[in-house]
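Since we're looking at a predicted model, the values are computed, not measured. Note that these values count all heavy atoms, side chains included, but never hydrogens, waters or copies made by symmetry.
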Amino acid sequence: MDYVSALLPPVVMAAFFIALIVVIVKSQGGPNKAKEDAAVDAALARAEAARRPDASDA
């Protein structure tokens, strides 16, 4: 019976991990995908603009 108590925690953790991955994969895309993509694009544009010196400063 010791083998059951030794194997139970890793099996439970693996099941929860697989369920988490399934939820993440299923939540990708959908109706909010365009909004999420626009938010990421805006954040990248802000980061890029902050990193580059302005051409008028030179």
Side-chain angles (χ1 to χ4, degrees):
M1 204 59 171
D2 288 336
Y3 63 90
V4 173
S5 61
L7 289 176
L8 187 62
V11 170
V12 170
M13 288 190 331
F16 279 119
F17 182 72
I18 290 169
L20 175 67
I21 298 300
V22 168
V23 168
I24 290 172
V25 168
K26 285 190 177 198
S27 69
Q28 298 300 307
N32 292 328
K33 182 170 178 29
K35 187 170 34 171
E36 293 169 359
D37 288 347
V40 170
D41 289 341
L44 289 174
R46 282 194 305 270
E48 188 68 27
R51 200 177 72 171
R52 284 191 188 164
D54 196 19
S56 62
D57 291 344

Sequence neighbours left out, cut at 3.5 Å: what donor-acceptor pairs do the side chains of residues 1-20 make with other protein atoms?
residue	atom	partner	partner atom	Å
S5	OG	D2	O	2.9

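- Using a 4.0 Å cut-off between charged nitrogen and carboxylate oxygen, E36 and K33 do not count as a salt-bridge pair.
- Residues passing the side-chain hydrogen bond (donor to acceptor under 3.5 Å, both in side chains) test with K26: none are found, sequence neighbours excluded.
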